[in-house]
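As structure tokens, the structure follows; a few thoughts come after it.
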2 protein chains.
Amino acid sequence: MTAAEEQPGSAAHVLELVANGSAASRADLVRELGLAASTVSARVQELVDAGLLAEDGEGASRGGRRPRRLRVPASGAVALAADLGSHHIRTGAVGLTGAAFDVEERAHDLTAGPEPAVEAIVGRLADLAERQRAAGRPVRGVGIGFPGPVDPATGRIVAPARMPGWHLYELRATLADRLGLPVVVDNDANALALGEHRAAHASLRHLVVVKAGRGIGSGVVSHGRIYRGARGSAGDISHVRVDAADGRPCSCGNVGCLETVASGAAIAAALRADGIAADSAADILRLVEHCEPRATTLVRQAGRHIGAVLSVVVNFFNPEAVVLGGALSGAEPLVAAVRGVLYERCLPMATSELTITAASGGPDAGLTGAGLAALQSAAPAP
Amino acid sequence: MTAAEEQPGSAAHVLELVANGSAASRADLVRELGLAASTVSARVQELVDAGLLAEDGEGASRGGRRPRRLRVPASGAVALAADLGSHHIRTGAVGLTGAAFDVEERAHDLTAGPEPAVEAIVGRLADLAERQRAAGRPVRGVGIGFPGPVDPATGRIVAPARMPGWHLYELRATLADRLGLPVVVDNDANALALGEHRAAHASLRHLVVVKAGRGIGSGVVSHGRIYRGARGSAGDISHVRVDAADGRPCSCGNVGCLETVASGAAIAAALRADGIAADSAADILRLVEHCEPRATTLVRQAGRHIGAVLSVVVNFFNPEAVVLGGALSGAEPLVAAVRGVLYERCLPMATSELTITAASGGPDAGLTGAGLAALQSAAPAP
DNA sequence: CCACTTCCTTCGGGCATCGAAGGAAGTGAC
DNA sequence: GTCACTTCCTTCGATGCCCGAAGGAAGTGG
């Protein structure tokens, strides 16, 4: 029932099923994987021998012998992860279960260019690596979520809006070099999508995860994996033209983009124009929670615009769920507006079994996703 | 370089590579598949023994021994195919190469309900089967392209607009029963997408094929295969709301859908309202070719509306190509308008290597796709 | 306590693929 | 012409993955 990874019954796949709770015993794995019991047993044995999996007492009987429960050992491997925002760097260690340890967020202005950002990231992650190793957890790799387009094959940043100096920056190579670990760099929305998929929707095959914060991004899960499209830019909904934004110049160089009316940055700017102090998405959220009417109106409007664009996506892509993440997804009016527009505009066939929900993975979902991506790409062999 | 089918080196895959011209010898197959030469040889031998593949003289040397050329034998298996339109039934036999034989189109009003349509289809296909068998070509199955939503798992028609009596009709089961052959039923746009992909864009992985005729549909190829989404309704762009259609009631029960301003039916209705006789998409095409200004304007406008919707799709899905098919794609102004809007509105990253083109598979592309789908689903073993 | 279920392992065997080795046929330099 | 080299394809073990049968261990429920 869970996302396929690589081969249907590979070691990595087994590990994932145990880590995310889909399977807690060999018998569960047999049911999930559809492989012969002997095959599963052999694979589990390998993983136990390699220290990547541990037996952990017995589970409840289902009418026969009790299963021997499996779990990922506490001393299991971790990946270091960093979730980069335009104004912060969030770091942490992510285990195979998707749990994040030792999470820390610091303010940092990414627009100041790549060098200071790399210094900050390397500093934080090197400390983190040391602490993890001291705690007996081997560090397998590094995952980075970057708030802009990333070429997934090379780990290079491509033409990010509003971040001069980053274009074609070799972020993966640089970090790999500095940290001496394999590094995976992906778009932040893709990281969030991966994290949400694993944390809350592991059984779904087709999923759209929207990250609504200062900017707007989306990550697409198709057939249980991140879908990137031809050039790696799939999931962009930020620069779709909407009529309500007619003529407004966008950071992408075009005019009338969704981002210019529905992003956190746009809402904050509109509030400031009305003399209401607001800078970040968190500020907006606070205003909405305090029932500031102007903020609520703007957020609801943003939700309607996002919903209008998503209605095309839902009809076209026919996902099983639309998950709203990012700071603004904490605002109920936004979620309600998106829901309303989608149910009103989309085909009944596309919405009849569609889940529309705010992200449930918490503030670490993006971090988790970046870490899981790194763990996944690192070979599970010891 | 070609679409993956099932296992990377299955018999069906080998057959497909030879059929579509990607490989003409065992050595080519080795290069395409990345398998060991011995493995490929064994698989080819099986297919030759089964009569599904034949040796055909020798090819050109590449500096060593000449390869023994492989081809699909003329007496190879075919599938019967039917491409259903709201007002016609087109039938033919499709070989593994994607060539269609014995094609015939008859007028038939599908809105009259399923029973007369089934009679017409069975009549035509039974004749066709007899002729093919007489010519020594075994008939492996039947593929149907239906102009409405199809549940791909069951081959049932689901809630087609404007076609009372078809809802939940068991088209696959009925035809399989009547013809005594395995039947595949799919949406006509999906069939067209499959046909176009094989005929002209076999090396592309992500592709959107729009069918613009009396209605508007689209078929999506992702990772080289038809993408269906959660409920099989993926690819719908017809019922996206566009502002220019504000308030117009649509056959789907909603208002303001793309279909109400950009479909062949809508254009024809607008022309009739202006006193210009037009009924079918073919009529519109004729008017455009005769430079009737009103028709040209309407078609260009339709292209802009379709382009606006596709711009969302292109940003989100990031395909390698957008292919415009269906009768209206023969109108240059429509293609030009779609191109213009896409290049204007989409992200440079999404369009920089995007191909936007009219379908090249000819009028039989949909038929071919339906037939290929049937051949593909029928096991290649004899 | 006895039949039945579930869980898991051991063992032999099937099947697909691989790589090495080599034969057949061709090219091109000398 | 001939000799080295290339390409094409086949034959023949060897290997590795997976399966199913058989069976032991442990529990449940009548």
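By convention in this document, chain letters (A, B, ...) are assigned in the order of the sequence lines, proteins followed by strands, and residues within each chain are numbered from 1.
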Using whole Å, report how far [atom1] of [X] lies from [atom2] of [N].
X      : N       : atom1 : atom2 : answer
E55(B) : dC9(D)  : CD    : C1'   : 10 Å
R26(A) : dT10(C) : CZ    : P     : 10 Å
H13(A) : dC17(D) : NE2   : P     : 18 Å
E46(A) : dC8(C)  : CD    : P     : 17 Å
Q45(B) : dA16(C) : CD    : C1'   : 17 Å
L35(A) : dC7(C)  : CG    : P     : 16 Å

Open item on the list: For A27(A), give me all partners under side chain to side chain contact (heavy atoms under 4.5 Å, CB included), at least two apart in sequence or on another chain.
Closed with: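 With neighbours one apart ignored, the set is S25(A), R31(A).
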Task: Set of side chain to side chain contact (heavy atoms under 4.5 Å, CB included) partners for P73(A), sequence neighbours left out - done: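 Testing P73(A) for side chain to side chain contact (heavy atoms under 4.5 Å, CB included), a comparison that skips the adjacent residues, returns A54(A), R71(A), S75(A).
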Task: Contacts of type ring pair (Phe, Tyr, Trp, His ring centres under 6.0 Å), residue H206(B), not counting sequence neighbours - done: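 So H206(B) forms a ring pair (Phe, Tyr, Trp, His ring centres under 6.0 Å) with Y227(A), H223(B).
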Starting the side chain at C-beta, find the nucleotide from [options] nearest to [X].
X      : options                   : answer
R31(A) : dT28(D), dC7(C), dC19(D)  : dC7(C)
S61(B) : dC18(C), dG26(C), dC18(D) : dG26(C)
R43(B) : dG27(D), dC18(C), dA16(C) : dA16(C)
R62(B) : dC8(C), dC18(D), dT7(D)   : dT7(D)
S25(A) : dC8(C), dC9(D), dC19(D)   : dC8(C)

Open item on the list: On DNA chain D, does the nearest nucleotide to E58(A) precede the nearest nucleotide to V40(A) from the 5' side, or the other way round? Give the residue.
Closed with: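 Mapping each residue to its closest nucleotide by heavy atoms, the 5'-most match is V40(A).
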- [ ] Between D28(A) and G64(A), just flag the one whose closest nucleotide in DNA chain C comes earlier from the 5' side.
- [x]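 Of the two residues, G64(A) wins.
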Open item on the list: By nearest heavy atom, map G63(A) and A27(A) onto DNA chain C; which one lands nearer the 5' end?
Closed with: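 Of the two residues, G63(A) wins.
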Task: Partners passing side-chain hydrogen bond (donor to acceptor under 3.5 Å, both in side chains) against R26(B) (at least two apart in sequence or in another chain) - done: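 So R26(B) forms a side-chain hydrogen bond (donor to acceptor under 3.5 Å, both in side chains) with E55(B).
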Task: side-chain hydrogen bond (donor to acceptor under 3.5 Å, both in side chains) partners for R66(A), two or more places apart - done: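 Once residues adjacent in sequence are excluded, the partners of R66(A) under the side-chain hydrogen bond (donor to acceptor under 3.5 Å, both in side chains) criterion are E58(A).
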Task: Charged N-O contact under 4.0 Å between R228(A) and D186(A) - done: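 So R228(A) pairs with D186(A) through a salt bridge.
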Open item on the list: It should be established whether T39(B) places a side-chain nitrogen or oxygen under 4.0 Å from OP1 or OP2 of nucleotide dA16(C).
Closed with: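 Looking at the OP1 and OP2 atoms of dA16(C), neither is under 4.0 Å from any side-chain N or O of T39(B).
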Open item on the list: Is there a side-chain contact between V139(A) and V78(A) in this structure, where contact means two heavy atoms from C-beta onward sitting under 4.5 Å apart?
Closed with: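 Yes, side chains in contact.
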TODO: Scan residues 65-72 of chain B against DNA chain C and write down, sorted by residue number, each residue with any heavy atom closer than 4.0 Å; if none is found, say none.
DONE: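 Under 4.0 Å from DNA chain C: R65(B), R66(B).
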